[in-house]
Amino acid sequence: MGIYFYHTQDTERIVREWKQGTFPSHFLYGALQLGEYGIDVVWHHQKHTYKRMRDMIVATWKVLSCRKPYDVLYATHTLGIEPVILLRALGLYRHPIVVWHHQPIVKAKNPFREALARLFYRGMDHMIFFSEKLMQDSLLSEKADRNRMSVVHWGADLDYYDSLQTPSRGRKPFPIEGEELGRGSLFISSGKELRDFETLLQAFHETGLPLTLYAEKKRQAYFESLHPGENVEMHYGDRPIPHEIALQVAKSRCVCICCQKSNYTVGLTTVVEALALGLPILCTRNPQMPMDIEAEGCGFWIEVGDVEGWKDKLRYIADHPEEAEAMGRRGRALAEHYYNVRQCSKEVAEIIKNCRL
């Protein structure tokens, strides 16, 4: 059987860079591994302009005009293919649609929008969620159908991250208690979505511990207004370069994910990267996460906006290197058992095959 794989990112570039060993395959949601389960892939190629109407027209035309044979439309997002989903709801598009749902399903305040949304959701044959909490929150909506919903273990490309940890690129030795910490050698923050940088930088300002922080070039003035100290090594870029950042994360000793409050899995990409690299995790508490890093012994939760909580856990990691190393090992074991791209692909393949029946 075959699928049409729809993605809002440039799949052609990702596949090319993955073959070169410079891009992790989990950003393709298991599509590259589906061949192992007898599923062929027709790739959606589109360079998005982030002009929503234009991108939607192009995406819809490419899907509807595809002449290559496939059985199921497998999409990482509904964004851009809304007309296709509506056509499926009306019985005018014949292929089942399996799509990842990134946020909980909620009731629209406007009655007309709610009626349209109910029709829209009938056009998705199966929805995949990142966590049980996301799915349970969605089931509070009358639009949700439990028989058409699943939770899948979305996780990292372990082979890719293993390739980063060569002797020439190895981590700096973990500092022992009382040892002077090298600038930027211990903690790293690399994410950008809904991040609470004010809390994070305040905690590092008051502890004096070293932090390496990656940020968008367009936000440089914002970060300068926060007055990061000399213990914070700032890196600015015009666009995220996952491979270059991953190389630096692989050399670090602890990943910091300080986020604002949200109703979805903000920070998950950074979490699964840290698990794959065997690094301890400090993360803002998010009940939407699929794993409990604290219960699993691979990190600590910190409450939203809690500067004192961040200071306490930062000092703990710095002062307890052996336990921090053990946290990283437990995190890697969790990635090997559940949160890896091959497990994701296996679960997705089962859903796709059942959807075709």
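The shown structure was predicted, so the numbers you read here are calculated from the model rather than taken from an experiment. We count residues from 1, following the sequence as given.
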[X]: which residues meet the side chain to side chain contact (heavy atoms under 4.5 Å, CB included) condition with it, sequence neighbours left out?
X: Gln248; result: Ile188, Tyr214, Lys251
X: Glu198; result: Asp196, Tyr222, Leu226
X: Asp55; result: Gln46, His48, Thr49
X: Arg342; result: Gln33, Glu36, Asp159, Asn340

What salt bridge (charged side-chain N to carboxylate O under 4.0 Å, His left out) pairs are there with at least one residue in residues 113-125, not counting sequence neighbours?
Arg88-Asp125, Glu114-Arg118, Glu114-Lys143, Arg118-Glu142
Remaining members of Ile57's ILVMFWY cluster at a side-chain heavy-atom cut-off under 4.5 Å?
Met53, Met56
With sequence neighbours left out, write down each residue that passes ring pair (Phe, Tyr, Trp, His ring centres under 6.0 Å) with [X], or none if nothing qualifies.
X: His126; result: none
X: His337; result: none
X: Tyr29; result: His7, Trp100, Trp154
X: His205; result: none

Polar side-chain atom of Ser131 near backbone of Pro290 as donor-acceptor pair, under 3.5 Å
no
All salt bridge (charged side-chain N to carboxylate O under 4.0 Å, His left out) counterparts of Glu336, not counting sequence neighbours
Arg332
Donor-acceptor list for residues 79-87 side chains, cut-off 3.5 Å, not counting sequence neighbours:
unit_1	atom_1	unit_2	atom_2	d
Glu82	OE1	Gly80	N	2.9
Glu82	OE2	Arg52	NH2	2.9

